[in-house]
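Bear in mind that the values here come from a model prediction, so they are computed numbers and not experimental data. Start at 1 with the first residue, then count along the sequence.
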Amino acid sequence: MISKLAEWGIHPEDQEEFTRSNSYSIIVDRVDTIPYYSHQVRINPREMLRYFKLSEELIERYKNIEKEWVWLKLDYIYTRNTTDGSISVFVAVFDVDLQVEQGEKLRKSATTDFLTGVLNRAAIERKINDKLEEKANAGAFILVDLDNFKSVNDILGHPVGDELLKQVAEILKESFRKGDYIGRLGGDEFCIFMQNVTETKFIEEKLKALNEKCRLEYHGEQGEIVKVSASIGVAVCTKQVDEYSKLYKCADLALYETKKRGKDTYTIYSEQDINGDVV
């Protein structure tokens with residue numbers, strides 16, 4: 001029963017822990033050491049109807065639910081019969097799907113920019129520093145500043161400016177890999193941290209494509225046209241540039257160079273080309 005439920009009814013990411021928790025060796029070990037155990041798993045609600053005895057209320061809920069997975073909390077109690085040594089396992093099942101969903105919403109609101117849906121400033125700084133603490137020293141920090149964003153707000157209005165920010169956030173999500181970090185630092189300033197990259201050629205290909213995608217036009221009701229582009233500054237991780245504050249400073253210096261060169265392009269930080277103390 002356990003193996004079938006794990007294979008067909010448990011979320012793939014939770015199968016290993018569920019199977020391990022219900023293995024004979026673990027049960028024998030826990031009955032004498034940790035008689036109580038609890039964990040949460042995602043279970044297919046239709047499989048729940050096959051394997052568990054549920055209340056009428058839950059039966060009706062799982063019959064009609066559209067979600068593929070629901071979160072359950074499983075509380076195990078292990079007992080050993082003092083006469084013959086046999087082991088009994090009692091499992092109490094609690095539906096915690098709503099609580100987990102609400103907790104996820106709170107977590108997301110604390111780490112996500114409310115307008116664009118990408119990471120907020122505090123969250124991306126924390127994630128980058130956590131990654132750099134692994135001492136991989138392989139990554140590129142990309143700072144993106146929108147050209148003419150103020151004109152969009154002043155001429156076309158702030159609602160159009162908000163739509164522009166949302167569109168750029170979507171462009172960034174589409175342009176970079178799933179494992180890269182994307183964040184909004186405030187205003188019209190975004191950043192990307194590309195993990196595990198060292199080849200400048202690969203980075204430059206991404207930057208050229210990004211500049212192309214960010215060449216946008218916004219039209220007003222009276223025929224006004226505001227052209228938007230992106231100025232980009234980049235800092236590549238080194239042994240000296242190995243934390244968020246240093247990456248940001250180097251990328252900001254590179255961004256300043258891009259602005260001086262006429263905007264709508266990119267600059268990769270180099271001490272030889274840019275005068276700036278990064279230490």
### Message
Before you tell me yes or no, could you show the steps for I128 and Y248 under side chain to side chain contact (heavy atoms under 4.5 Å, CB included), namely the whole-Å CA-CA distance, both residues' side-chain angles and the distance that decides it to 0.1 Å?
### Response
CA-CA 11 Å; I128 291 173; Y248 182 89; over 6 Å; no

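- Salt bridge status for E134 with K131: present, with a side-chain N to carboxylate O gap under 4.0 Å.
- Judged by distance alone, with hydrogens and angles left aside, the side-chain atoms of N120 form a donor-acceptor pair with the main-chain N or O of A110 at under 3.5 Å.
- Looking only at distances, no side-chain donor or acceptor of D97 sits under 3.5 Å from a matching main-chain atom of V70.
- At a cut-off of 3.5 Å, with distance as the only test, no side-chain donor of S231 or D145 sits close to an acceptor on the other residue.
- Put simply, NZ on K246 and OG1 on T238 are 8.5 Å apart, with the number rounded to the nearest 0.5 Å.
- Hydrophobic clustering of Ile, Leu, Val, Met, Phe, Trp and Tyr side chains at less than 4.5 Å, counting indirect connections, unites V118 with L115.
- Counting only heavy atoms from C-beta outward, the side chains of I225 and Y218 never approach each other to under 4.5 Å.
- For E224 (side chain) and Q222 (main-chain N/O), a donor-acceptor pair under 3.5 Å exists by modelled atom type.
- Residues I268 and L207 have side chains in contact (heavy-atom distance under 4.5 Å, counting atoms from C-beta outward).
- Side-chain polar atoms of S245 and E243 form a donor-acceptor pair below 3.5 angstrom.
- Taking Ile, Leu, Val, Met, Phe, Trp and Tyr as hydrophobic and joining them when side-chain heavy atoms fall under 4.5 Å apart, one finds V100 in a cluster with W71, F94, V96.
- Ion pair D264/K227 not flagged as a salt bridge, since none of the NZ, NE, NH1 or NH2 atoms sits closer than 4.0 Å to an Asp/Glu carboxylate oxygen.
- Residues H219 and L156 have side chains not in contact (no heavy-atom distance under 4.5 Å, counting atoms from C-beta outward).
- A salt bridge links E170 and K173; the closest N-O separation between the charged side-chain nitrogens and carboxylate oxygens is under 4.0 Å.
- Between the side chain of K206 and the backbone N or O of S175, at least one donor-acceptor pair lies under 3.5 Å.
- Between L165 and D113 there is no side-chain heavy-atom pair separated by less than 4.5 Å.
- A donor-acceptor distance shorter than 3.5 angstrom exists from the side chain of D14 to the backbone of R42, with no hydrogens or angles considered.
- Residue Q99 places its CD atom among more than 12 non-hydrogen atoms of other residues, nucleotides or ligands, all under 6.0 Å distant.
- In K150, the NZ atom is not crowded: 12 or fewer heavy atoms of neighbouring residues, nucleotides or ligands sit closer than 6.0 Å.
- Between F193 and C237, the shortest heavy-atom contact is CE1-SG, 3.9 Å.
- Each salt bridge (Lys or Arg N to Asp or Glu O under 4.0 Å) pair with one or both residues in residues 22-35, not counting sequence neighbours, appears once here: D32-R80.
- Shown are I142, N211, L255; of these, the side-chain contact (heavy atoms from CB on, under 4.5 Å) with Y266 is made only by N211.
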### Task
I would like to know whether E212 and R215 meet salt bridge (charged side-chain N to carboxylate O under 4.0 Å, His left out); could you show each step before the answer?
CA-CA 6 Å; E212 180 67 29; R215 292 180 186 126; 2.7 Å; yes

### Task
Mind running side chain to side chain contact (heavy atoms under 4.5 Å, CB included) on Y37 and Y78 for me, showing each step along the way?
CA-CA 9 Å; Y37 178 71; Y78 308 97; 4.0 Å; yes

### Message
Between V197 and D180, is the side chain to side chain contact (heavy atoms under 4.5 Å, CB included) condition met? List the steps.
### Response
CA-CA 10 Å; V197 293; D180 296 331; 6.0 Å; no

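- The distance from the SG atom of C214 to the CG atom of L164 is 9.0 Å, given to the nearest 0.5 Å.
- Contact record, C250 with Y269: O-CD1, 3.4 Å, taken as the closest heavy-atom pair.
- Between I10 atom CD1 and T19 atom OG1 the span is 8.0 Å, to the nearest 0.5 Å.
- Atom CG of residue L210 and atom CD1 of residue I232 lie 4.0 Å apart, to the nearest 0.5 angstrom.
- Hydrophobic clustering of Ile, Leu, Val, Met, Phe, Trp and Tyr side chains at less than 4.5 Å, counting indirect connections, keeps I26 apart from V89.
- Pairing each heavy atom of V234 with each of A254, the nearest pair is N-CB, 3.7 Å.
- Closest approach of L185 and R121 over heavy atoms only: O-NH1, 2.8 Å.
- Checked against the 6.0 Å centroid threshold, H39 and Y76 count as a close aromatic pair.
- Aromatic rings from F176 and Y181 are positioned such that their centres are separated by 6.0 Å or more.
- The two residues P12 and W69 come nearest to each other via the heavy atoms CD-CZ2, 4.0 Å.
- Taken to the nearest 0.5 Å, the CD atom of E199 stands 9.0 Å off from the CD atom of E205.
- At most 12 heavy atoms of other shown residues, nucleotides or ligands fall within 6.0 angstrom of atom OH in Y256.
- With 3.5 Å as the limit, one finds a donor-acceptor pair spanning the side chains of T267 and T258.
- At a threshold of 4.5 Å between side-chain heavy atoms, the hydrophobic network of Ile, Leu, Val, Met, Phe, Trp and Tyr places F202 and V144 in one connected group.
- In this structure, T112 OG1 and R184 CZ are separated by 12.5 Å, a value rounded to the nearest 0.5 Å.
- A continuous path of Ile, Leu, Val, Met, Phe, Trp and Tyr side chains, each step under 4.5 Å between heavy atoms, connects I59 with L72, placing both in one hydrophobic cluster.
- Partner of F190 under the side-chain contact (heavy atoms from CB on, under 4.5 Å) criterion, out of I124, L172, L143: L172 alone.
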#### Entry: K201 and E204: CA distance, side-chain angles, deciding distance, side chain to side chain contact (heavy atoms under 4.5 Å, CB included) verdict
CA-CA 5 Å; K201 182 179 179 182; E204 288 194 280; 5.5 Å; no

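- A continuous path of ILVMFWY side-chain contacts below 4.5 Å connects V41 to V91, so both sit in one hydrophobic cluster.
- Other residues, nucleotides and ligands contribute over 12 non-hydrogen atoms within 6.0 Å of the CD atom of E217.
- The two residues E60 and N64 have their closest heavy-atom pair at O-ND2, 2.9 Å.
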